[in-house]
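Structure, as structure tokens:
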Amino acid sequence: AVLPPLTALSAENFRCRCVQIAPYRTQDNQQRENAEFDAMEMAQKLKTGFVAASIACLLHFSGLPAEARVLAKVDGIEVTSEEFELALQDIGRTLPQQMPGPQRTAYILNYLIDLKLAAKRAENEQLQKSGNFDKKMAYFRQKAMMELYLDKIAALSSDDTKIRTAYDAAAKDQKTEPEVNAAHILVKTKAEAEAALKRVQGGEDFAKVAKEISKDPGSPGGELGWFTKSRMVPPFAEMAFKTEPGKISAPVQTRFGWHIIKVKQRRTREFPKLEQVHGQIKQFLTQKAQRNAIKDLRNGAKIEKLDAPK
């Protein structure tokens, strides 16, 4: 397949799976999801952002374009929009994703101001003449060149034509599947499951009962969201898909314990539109091409590991 993760393609499946996997899901699916996440992690390690010294290195050998805007001045030293973009690449990904845009912008600008102040003091004290400054600069220059090379690979590997080709290949192999939207309560014994069923059939809120007694920490309020039959262990899946929407199942046992399942909705999963997953496909193609490029470089080089790092 062109895109392995697309064997179960949906807009949700293209997102990085960083949430806790509920324990009743099949082990194979959990391993596959972890592998997708690990692959993305591996690719990100190939293309990390610069640290402060590498920003200075990049500016040193590439120069700033004339259109760079001045965002601030520190004792007369300009902080430019180009430097801001480099800092964004460097530390932006380390900031909390939920940080609001204006707060993120202010944080990075303040970081650059601190960078200017500290760098100026270090130069005044001539710290660049001590220690291993030249070796650090050489390292960060190589890192910058690697970054430029990987950017070139990214541009060549993920244009709109290649994204469309990958999307069409995945869409051609995709089969429609029924999905259900459900919640569940997981307990240890059949007696506990029957007691829970009696409570919800008697009018108690399903989510409230789930919060009180369910043993599944990965599903707050019992919510499972949408899933296909293959994503759950067989006894659970069979019961979920034979229960009518709006109904609550009889207790069913799996290796994790006893469940009662509330089925909310049923639908046929449709293949997502290209615009829904365009960015994720581009990221996948980019990372795949970058990994292959590094692999080809290694295969074409004579690499000798002579001693272990201490």
Side-chain angles (χ1 to χ4, degrees), residues 4-5 16-21 30-63 82-97 99 104 107-108 110-158 282-310:
C16 183
R17 309 270 177 74
C18 298
V19 297
Q20 181 178 358
I21 305 301
Q30 181 170 345
Q31 289 174 344
R32 181 169 63 251
E33 291 178 357
N34 289 342
E36 292 174 27
F37 179 77
D38 291 343
M40 288 187 176
E41 283 285 301
M42 185 187 306
Q44 287 298 330
K45 289 177 181 178
L46 287 176
K47 194 172 184 292
T48 57
F50 305 124
V51 298
S54 67
I55 294 176
C57 177
L58 261 182
L59 300 178
H60 175 73
F61 74 79
S62 63
E82 289 295 320
E83 291 174 301
F84 182 91
E85 291 301 320
L86 289 172
L88 182 62
Q89 294 176 36
D90 175 24
I91 65 172
R93 71 189 66 190
T94 68
L95 300 178
Q97 290 190 355
M99 180 181 286
R104 180 181 296 262
Y107 184 97
I108 294 174
N110 283 325
Y111 166 79
L112 283 170
I113 291 171
D114 294 341
L115 175 67
K116 297 289 185 181
L117 290 170
K120 183 179 179 181
R121 176 58 62 88
E123 287 187 14
N124 289 342
E125 296 181 10
Q126 297 190 350
L127 297 182
Q128 70 272 24
K129 296 181 180 180
S130 63
N132 59 350
F133 178 79
D134 289 341
K135 291 181 180 178
K136 286 184 178 181
M137 289 300 293
Y139 168 79
F140 287 121
R141 187 182 188 282
Q142 289 180 334
K143 191 173 184 182
M145 295 303 294
M146 176 183 178
E147 189 83 4
L148 293 174
Y149 175 66
L150 292 178
D151 284 345
K152 174 188 173 183
I153 296 298
L156 293 173
S157 64
S158 56
K282 181 174 182 177
Q283 181 184 46
F284 180 88
L285 293 177
T286 294
Q287 293 173 348
K288 180 180 178 182
Q290 289 171 341
R291 288 197 302 271
N292 289 340
I294 296 297
K295 182 179 178 181
D296 290 343
L297 291 175
R298 280 177 161 266
N299 290 339
K302 181 181 179 181
I303 300 173
E304 299 176 88
K305 297 181 179 180
L306 304 179
D307 196 4
K310 295 181 180 178

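We're numbering straight along the sequence, starting at 1.
Distance check: K136 NZ to Q128 CD gives 12.5 Å after rounding to the nearest 0.5 Å. Of the inter-residue distances, the one linking L95 atom CG with Y107 atom OH reads 6.0 Å to the nearest 0.5 angstrom. From T286, atom OG1 reaches atom CG of D151 across 9.5 Å, with rounding to the nearest 0.5 Å. I153 contributes atom CD1, which lies 12.0 Å from atom CG of L148 (distance to the nearest 0.5 angstrom). Separation of atoms CG (L115) and CG (N110) is listed at 12.0 Å; rounding is to 0.5 Å.
For E125, the CD atom is densely surrounded, since the number of other residues' heavy atoms within 6.0 Å is greater than 12.
Counting all heavy atoms, side chain and backbone alike, P96 lies closest to R104 at O-NH2, 2.7 Å. Across I294 and M146, no two heavy atoms sit closer than the pair CD1-CE, 4.4 Å.
Under a 3.5 Å cut-off, the side chain of S158 and the backbone N or O of A155 do not form any donor-acceptor pair.
Q89 has its side chain within reach of E147: a pair of non-hydrogen atoms, C-beta onward, lies under 4.5 Å apart. The side-chain heavy atoms of Q283 and K288, taken from C-beta on, include no pair separated by under 4.5 Å. Considering only heavy atoms from C-beta on, I108 comes within 4.5 Å of F84 through its side chain. The shortest distance between side-chain heavy atoms of Y111 and L88 does not fall below 4.5 Å.
Between E83 and K116 there is a salt bridge, since at least one side-chain N of the basic residue sits less than 4.0 Å from a carboxylate O of the acidic one.
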